[in-house]
Amino acid sequence: MKTKVAIAIAAALMSASCAMTDASTSQTASKPPAVLTTAENTQAVAGQALTLNQIMADQDWVARSPESAYWMLDGSGVLFQQKREGSQLRDWYHQPVGKDAHQVPLDKLHNYAYNNGVYNSDKSLLAYTFEGNIFVRDIANKQTRQLTRDEARQSQLLFLTDGRLAYREGNDFFVVEPSTGLTQQIAALETADAPKANSEPKDFVAREQLDLIEFVQVERKNKADQFEQQQALQSNNESLAPKPFYLGQGKEVVAASLSPAGDKLIVAISEPQKWRADGDIMPNYVTDDGRVAAQPVRSRVADAKPVEHEVLVLDLSTGEQTTLTYNTLPGWNDDVLADVRRENYAAQGKTYKSEQKPRPITLLQDWGWREGAIRWTDDGEHAALMLEAWDNKDRWIASIDFAGKRLVNQDRLHDEAWINYTHNEFGFLPNSATLWFQSEADGYSHLYVKPLNGSTKQLTSGKFVTEDPTVSGNGEFIYFSANKPHPGNYEIYRVRTDNAALEQLTKLGGINNYELSPQEDQLLIKHSTALQPEELYVQTIGTDTALRLTHTATDTFMAYDWVAPEIVPIASSHVADPIYTRVYYPKDYDPNRAEKYPAVVFIHGAGYLQNAHAGWSGYQREFMFHTFLTEQGYVVLDLDYRGSKGYGRDWRTAIYRQMGTPEVEDLIDVVKWAGENTHVDTNRMGTYGGSYGGFLTFMALFNEPGLFKAGSALRPVSDWAHYNTGYTSNILNLPDDDPIAYRRSSPIYFTEGLEDALLINSPMVDDNVFFQDSVRVVQRLIEHEKEDFETAIFPVEPHGFRQPSSWLDEYRRIFKLFEENLK
């Protein structure tokens, strides 16, 4: 029978008005409810017909939700972007708290584009860039001054400790006096060898020429004299631009960060990296000139070569250039892939001999960072880097001992699988030499602090993850969102940095993201439920009420009686934690009717993504399609298989070296649960999913025939050796190191197992998962003489479809597949 135990964490659409604040020092996570009921649609009009044409139409009909929202400087209102109806353009709006929004005129927009601005020490000035130019806002008199107006692009704004404003332009650094506009170049980075007056003779003929011809000797002497004079002038005359730092011929600057004291630069350089080879192309058959265009695309992980960053400290006062070595980092030369290589060697009849040698190490590249991997204390006395091994097994936070010219390890995070490419926020607490950072050290993404010369202290703990941390201006609190109440419910919290006292600030249900107001007394909340797209709310910290600011969902969307899914923890037969799953039931669901229901399992994409939550889904068309399916008599299940986001390190890394195995095991458990706990006929179940979901559709149909009677793979990965390096090498290592993992994880090796109906939907100009992935699988199926498969191609579509007609065609085919095979 269908379970009806429910706790309404995300209540009606206006649930924000009854939010509660709970101050607590407890870190103990309460047991989540057996079933989480998502929001009910109290505004729906019964009887409204739902069609695929409506679902797949231009999504303006659903909502034009606020985007990129942030606070006005005085906290009186917010600014946000909104998609223009019928266009891809976005317009800016000003929304005062408690008043109507109005559009920001284009001629005034530069006055408000300060979202990523930087303050000076007393917060009297705010500097920011707009369209590549620099502006400075005087907070007290509300006046904005433009400092640059040119075609160059300025970035990396930073108020120095002496009050001047520094910025980067290309590989040059400048400082400007905000009150006068006087600009001075303080550093120049040149990716070349240092110039010389004369080069050494390169061969016998050149040497003899120099010895024999007096004219050549005189010319060389004159050239050397002129060179020395210019060098002396540059060293002794302060009116000239500083002498460049020469970083080496053929190098490229990966990152550069100026000290707030203005006296040092930390620079990372590497060999130039090519993102593609000449042969990495994608044919585009539908172009405006009627010809076939060969579009360049990224290279494949199979072609990847190790990358290393060289970290330099440049002294702007003396011109000294110091290279930091990695040999002070624990594990810097470990053979962390020894067991993997040993297994692969043995499979080839060879013996692997492990040895210690330097590992390629780079600055860490986090996919969600606001800042880079180099952080300074406010006074510029200390700096820290976040580094990662190119083999993805280690992450270090290392401070720089400037006097000793070496790196000092502050925190090493080692993972036998791979270091997460998110949840790596870090920095120094304000006016302090104490680091704060996120880490999965205890299995979940939590917050820590560590003085440079002290011990690490964990601030948060429990079976939940912290997201989007923000440090208060005085360093007393770290604000964050977390799924502490339930894996599918993210609320907003703050934790004290001194005693780890934890305080829950919202109880809105659903999903909540936030922006802290400049005065740090209010939260701008981006709130959604399963039935409500994201809207903006404001809540004063310490109160129990959140005020809704925007109403962007259309009347047409609100008129439909959408099915609110339940979030069910389905027991796993392989691990202790359950498989959280959205379950959609027909409105007239009857557990006692004679005929059992057919069912569809949706498999989300991206792999590391969470979709079985109580907020608005990024898969909004799929969400609406699921209501449509329930109206046609289907039960729909949508699971967060192992590898999904939001459930900690072990859940994330379960797929290491075996993509497609744990996830299909979870699909089996979900199908079994549906047969035992709902009135579903497990002999009439289908599945579909896109990208990673398409990959898993392949793996399920090829390796577990009969589990699903039909499946549709959308833009599917078929061979991981052809996917990109940044994603794939984390999970499967490199193909040359670990061919076993690639053969174990790629559907193209298992095509012979297909016995059920398969529909492959492939966009042809997909520069993420190449059309070639589907072409090669189709050829394999033809060679296996398989009959029950079809391929639908979409000539103008990239990975994310753009045309409503393509969406409609795709989902008509999916629905037809289910109707023909499951009914």
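- Applying the 6.0 Å contact sphere to CD of Q103 captures more than 12 heavy atoms from other residues, nucleotides or ligands.
- For the atom pair CD of E515 and CG of L524, the computed distance is 6.5 Å after rounding to the nearest 0.5 Å.
- Counted within 6.0 Å of CZ on F227, heavy atoms from surrounding residues, nucleotides or ligands total more than 12; the atom is thus considered enclosed.
- Under the 4.5 Å side-chain criterion, counting only non-hydrogen atoms from C-beta, V465 is in contact with E467.
- Using a 4.5 Å cut-off on side-chain heavy atoms (C-beta onward), L189 and L314 make contact.
- When all heavy atoms of P66 and E535 are compared, the closest pair comes out as CD-OE1, 4.0 Å.
- In summary, the aromatic rings of W71 and Y514 are positioned with their centroids too far apart to meet the 6.0 Å limit.
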(request) Could you go through the side chain to side chain contact (heavy atoms under 4.5 Å, CB included) check for I269 and L312 one step at a time? (result) CA-CA 8 Å; I269 60 175; L312 311 173; 4.0 Å; yes
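- Residues K83 and Q88 have side chains in contact (heavy-atom distance under 4.5 Å, counting atoms from C-beta outward).
- Heavy atoms of other residues, nucleotides or ligands lying less than 6.0 angstrom from CG of D150 number more than 12.
- A salt bridge links K405 with E320: the closest approach of a Lys/Arg side-chain nitrogen to an acidic carboxylate oxygen falls below 4.0 angstrom.
- H423 NE2 to Q438 CD: the interatomic distance, rounded to the nearest 0.5 Å, is 6.0 Å.
- Listed by first and then second residue, the ring-ring contact (aromatic ring centres under 6.0 Å, His included) pairs that reach into residues 149-168 are Y167-F174, sequence neighbours excluded.
- Distance check: S528 OG to N512 CG gives 7.5 Å after rounding to the nearest 0.5 Å.
- Taken from CD in E388 to CH2 in W418, the straight-line distance is 14.0 Å, to the nearest 0.5 Å.
- Of the possible donor and acceptor atoms, none in the side chain of E190 sits under 3.5 Å from a partner among the backbone N and O of Q249.
- Residue Y112 places its OH atom among 12 or fewer non-hydrogen atoms of other residues, nucleotides or ligands, all under 6.0 Å distant.
- The side-chain hydrogen bond (donor to acceptor under 3.5 Å, both in side chains) with R300 is formed by just one residue from the set D280, T725, T728, N724; it is D280.
- Of the possible polar contacts, one joining the T377 side chain to the H382 backbone as a donor-acceptor pair under 3.5 Å is found.
- Sequence neighbours left out, not one pair with a member in residues 234-279 passes ring-ring contact (aromatic ring centres under 6.0 Å, His included).
- Side-chain contact check for T322 versus F402: every heavy-atom pair is 4.5 Å or farther apart.
- A distance-only check finds no donor-acceptor pair linking the side chain of S729 to the backbone of L734 [under 3.5 Å].
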(message) Apply side chain to side chain contact (heavy atoms under 4.5 Å, CB included) to residues H799 and V769 and explain how you reach the verdict.
(response) CA-CA 7 Å; H799 196 64; V769 178; 3.5 Å; yes
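- Once rounded to the nearest 0.5 Å, the distance linking OG1 of T550 with NE2 of H527 reads 10.5 Å.
- Residues D289 and R291 are not paired through a salt bridge, judged by the lack of any N-O separation under 4.0 Å between the basic side chain and the carboxylate.
- Shown here is L106, whose CG atom has no more than 12 heavy atoms of other residues, nucleotides or ligands within 6.0 Å.
- Proximity of a side-chain donor or acceptor of Y608 to a complementary backbone N or O of N420 within less than 3.5 Å is not detected.
- Side chain of N730 to backbone of N392: no donor-acceptor contact under 3.5 angstrom is found.
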(request) Start with the C-alpha distance between R90 and Q81, add both sets of side-chain angles, then the distance that settles side-chain hydrogen bond (donor to acceptor under 3.5 Å, both in side chains), and finish with yes or no. (result) CA-CA 6 Å; R90 265 65 177 168; Q81 284 185 300; over 6 Å; no
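- Among V78, L536, L79, the one residue that satisfies the side-chain contact (heavy atoms from CB on, under 4.5 Å) test with Q95 is V78.
- For the side-chain contact (heavy atoms from CB on, under 4.5 Å) criterion with L160, the lone passing option out of L165, L258, D263, N120 is L258.
- For the pair R137 and Y128, the cation-pi test (distance below 6.0 Å, angle within 45°) is failed.
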(message) Evaluate K305 against E271 for side chain to side chain contact (heavy atoms under 4.5 Å, CB included), listing each step before the verdict.
(response) CA-CA 11 Å; K305 304 299 180 186; E271 299 293 332; over 6 Å; no
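- Between R153 and E169, no side-chain nitrogen of the basic residue sits less than 4.0 Å from a carboxylate oxygen of the acidic one, so the salt-bridge criterion is not met.
- For the pair R359 and Y326, the cation-pi criterion (under 6.0 Å, within 45° of the ring axis) is not fulfilled.
- The shortest side-chain heavy-atom distance between P242 and L316 does not fall under the 4.5 Å cut-off.
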(request) Applying ring pair (Phe, Tyr, Trp, His ring centres under 6.0 Å), run through F135 and H110 and close with a yes or a no. (result) CA-CA 8 Å; F135 295 78; H110 62 280; 5.5 Å; yes
(request) Take Q410 and F437, measure what side chain to side chain contact (heavy atoms under 4.5 Å, CB included) needs, and give me the verdict at the end. (result) CA-CA 11 Å; Q410 296 293 334; F437 58 93; over 6 Å; no
